[in-house]
Amino acid sequence: MSSRIAGKYTGGAAAAASGGGVSRRGPDSFTEVRYVPNRGGSGSRRASSSTGGGGGGSNLCCALVFGVILFTSAFPVLWWNEGNAVAVYDALKEAKDSVVQIKGGVATPSTKGSLVHVVGKTSGERLRDGDFGVAMNDAIRLDRVMESYQWKETKSERRVEEGDETRVETTYTYDLAWIRGTIDSSKFRRPNGHRNAGAPEYDAKSIAAREVGVGDGFVLSESLVNKLTRRQTVRLTPPNDDDGGDGDDEFESRRGGAPGRYGAKRKKKRPKPLGGAVRDGADADADADAEDDVNAADDDAAGRKRRRGKGIVDDDDDDEFDAATSSGAVAPLGEARLVASSPPPGYAVLDGLAYSRAAAASNPKVGDRRVRYAALPGGQVVSVLAKQGKGGALVPFVAKSGKEIALVRDGRASYVEMIERATRANATRTWLVRAGGFLLMFFGVVLLTAPVRYAVGALRWIPLLGGFAASVINLGVFLAALAVAIALSLVVIGASWITHRPVIAIAMLASSVGVGWAARRAGDASRGGGDRTTTTTHLD
């Protein structure tokens, strides 16, 4: 294949021998070479003279259009940012003044409609993926991740100046790897020999609990559930693996594999005699007494629980959840072990993953699939700051400024800590948007001054001093654009503060004027004193 690039012909064996066209570096990579004229070089000058400068004119028009867009967009961004920062600050201040702490995380009708601070454990439900027979108890979300062994294309570029032209080498490299999703190999620069399989039969999937509780009787809204981020890795085990976890065993595995109080409180059942035989004498009496003791203990434990909705909190743990004045350390989640009880035909569970074929674990081929799982388990202690709605639902609290307050934090945290953290985040976000608005205005002004820089470029043809003069003028234009962007950004920010915070803005303006007036008076007094001293000396 031949092509004409920057006035040069490349192609075929001759081009490959001379370094142009396409040259193979290996079985899974190749390099394309093209030439482009340097700006200001002879190629560029020839193009400019033959077109009458039309190319430069079109570039100037594009620069002006984009400059106007960037410059004008900076004003609403800066204005909105200041108003939003004030509104969020007011909302957080209102929340701090009106929040109600919930003792023990227990929902009561008296706090309905109030902004409440709840610290408690989350509770989900049993989630199951029927395609692979994977189930998890007390789960908030169960995610199935599908990965395919497929080709991926990586593009890199290298530029080398050669006289008045630049040699551009574009290298395409192809590698095989386990990658999520499906890569469309038809869009590769060289699809031949790098064909990927189509979409998998069992694609990625997410299963979510219909209702997520926290504490005793509270239910998280969907927006709050989406803020829970402490996910847990899952290790799949084959159906005949005795070490696989499921149900209560899986629940314990999240806490490092050691049975805690949840394991100790599980209902203990008396084993039934094999074959329905009846045991008599002392053995039967002893078994009956033991069963009565176990049931009595379970009944007593159940009596110490209160259940309202999804959440459950033990009375014995009320002090733990009331201690919301300081943060608690968040323990890392262990690995959950779940049984893949019914994987699809052909799939094999190896090393905690489900492969489309057994050999794919050690010797994968293009088109092989593997499935892994991740979970968002229940039973995690979280701190929530939200409005208590109907039925104990925790929903966003709408402040007078119109902003919503709905905060979630892992572990135990006081409402003061949560609000202070949100305040710091608001300040950081405000400064980042300020910087972004300033950059929009700065680059807009720079693009709007493109005609000046274009005209100054003609000075470079003057021998000796032409290039130096052009550089000095361009530096001056750059500094002027910087000064204009800073001044206009401050004007917009100040005007926005006058609108949203008139008292504070006027006070700050008055203070600035007062400081300036005092400084001027001090300078006048100093000069006046010097004049009087001179006069006195003359009279003497």
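No hydrogens, no waters, no symmetry mates; every other heavy atom, side chains included, goes into these values. This one's a predicted model, so the numbers in the text were calculated from it and none came from an experiment.
Considering all non-hydrogen atoms of both residues, Leu142 and Leu127 come closest at N-CD1, 3.8 Å. Nearest approach of Ala74 to Leu440, heavy atoms of both residues: CB-CB, 3.9 Å. The two residues Asp368 and Ala360 come nearest to each other via the heavy atoms OD2-CB, 3.5 Å. Taking each heavy atom of Gly367 and Ala197 in turn, the nearest pair found is CA-CB, 3.8 Å. The two atoms that bring Ile405 and Ala91 nearest to each other are CD1-CB, 4.0 Å, heavy atoms only.
For Arg180, the CZ atom is loosely surrounded, since the number of other residues' heavy atoms within 6.0 Å does not exceed 12. Annotation for Lys93: atom NZ does not count as buried by contact number, only 12 or fewer foreign heavy atoms lying within 6.0 Å. Counting non-hydrogen atoms of other residues, nucleotides and ligands closer than 6.0 Å to CD of Glu157 gives a total above 12.
Looking at His117, its side chain does come within 3.5 Å of a backbone N or O of Ala413 through a donor-acceptor pair. No donor-acceptor pair closer than 3.5 Å links the side chain of Thr171 to the backbone N or O of Ser156. Checked by atom type and distance alone, the side chain of Ser221 pairs as donor or acceptor with a backbone atom of Leu394 at under 3.5 Å. No side-chain donor-acceptor contact under 3.5 Å links Glu211 to the backbone of Val219. At distances below 3.5 Å, not a single donor-acceptor pair connects side-chain atoms of Asn81 with backbone N or O atoms of Val433. Arg235 places no side-chain N or O within 3.5 Å of a backbone atom of Ala336 that could act as its donor or acceptor partner. A distance-only check finds a donor-acceptor pair linking the side chain of Gln150 to the backbone of Ile179 [under 3.5 Å]. Although no hydrogens or angles enter the test, the distance criterion places no donor-acceptor pair under 3.5 Å between the side chain of Thr111 and the main chain of Ala107. Side-chain atoms of Thr122 come within 3.5 Å of backbone N or O of Gln380 as a donor-acceptor pair.
Proximity of Val168 to Val36: side-chain heavy atoms (C-beta onward) are separated by under 4.5 Å at one or more points. Within the 4.5 Å cutoff, the side chain of Val382 has heavy atoms near those of the Val214 side chain. For the pair Met136 and Arg128, the minimum side-chain heavy-atom distance is 4.5 Å or more. Trp151 places none of its side-chain heavy atoms less than 4.5 Å from the side chain of Ile183. In this structure, the side chains of Leu228 and Val408 come closer than 4.5 Å at one or more pairs of heavy atoms. Side-chain contact between Tyr149 and Arg369 is absent, with no heavy-atom pair separated by less than 4.5 Å. Residues Pro396 and Lys387 form no side-chain contact, since every pair of their non-hydrogen atoms from C-beta on lies 4.5 Å or further apart. Using a 4.5 Å heavy-atom cutoff, the side chains of Leu376 and Gln232 are not in contact.
Residues Glu147 and Arg372 are paired through a salt bridge, judged by an N-O separation under 4.0 Å between the basic side chain and the carboxylate. Comment: Glu125 engages Arg210 in a salt bridge, judged by a side-chain N to carboxylate O separation of less than 4.0 angstrom.
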(request) Run the numbers on Met441 and Ser489 for side chain to side chain contact (heavy atoms under 4.5 Å, CB included), then give the verdict. (result) CA-CA 8 Å; Met441 185 168 293; Ser489 298; 3.7 Å; yes
Margin query: side chain to side chain contact (heavy atoms under 4.5 Å, CB included) for Leu432 and Arg429? Distances and angles first, verdict last.
Written below: CA-CA 5 Å; Leu432 289 176; Arg429 181 173 56 251; 5.6 Å; no
Legend entry - Lys403 vs Asn84, side chain to side chain donor-acceptor pair (under 3.5 Å): CA-CA, chis, key distance, verdict: CA-CA 9 Å; Lys403 295 298 179 179; Asn84 180 73; 2.6 Å; yes
Q | side chain to side chain contact (heavy atoms under 4.5 Å, CB included) evaluation trace for Leu64 with Cys61 | A | CA-CA 5 Å; Leu64 292 175; Cys61 290; 5.8 Å; no
**Request:** Step by step, work out the side chain to side chain contact (heavy atoms under 4.5 Å, CB included) result for Phe218 and Leu220.
**Result:** CA-CA 7 Å; Phe218 291 101; Leu220 296 178; over 6 Å; no
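Side-chain contact annotation: Ser114 with Gln388, donor-acceptor N/O pair under 3.5 Å absent. Between the side chains of Arg159 and Thr166, no donor-acceptor pair of N or O atoms lies under 3.5 Å.
The aromatic ring centres of Phe188 and Tyr174 sit less than 6.0 Å apart.
The CZ atom of Phe397 sits 9.0 Å away from atom CG of Leu385, with the distance rounded to the nearest 0.5 Å. Rounding to the nearest 0.5 Å gives a distance of 5.0 Å between CD1 of Ile493 and CD of Glu82. Expressed to the nearest 0.5 Å, how far CE of Met146 lies from NZ of Lys205 amounts to 11.5 Å. To the nearest 0.5 angstrom, Asp184 atom CG is 5.5 Å from Lys187 atom NZ. Distance check: Arg370 CZ to Tyr355 OH gives 5.0 Å after rounding to the nearest 0.5 Å. Atom OH of Tyr202 and atom CZ of Phe132 lie 6.5 Å apart (nearest 0.5 Å).
In this structure, Phe75 and Phe71 have perpendicular ring planes: the angle between them is above 60°, well past the 30° mark.
In summary, of the residues considered (Asp129, Thr233, Asp143), a side chain to side chain donor-acceptor pair (under 3.5 Å) with Tyr373 occurs for Asp129 alone.
For Leu490, the side-chain contact (heavy atoms from CB on, under 4.5 Å) test picks out Ile486, with sequence neighbours left out.
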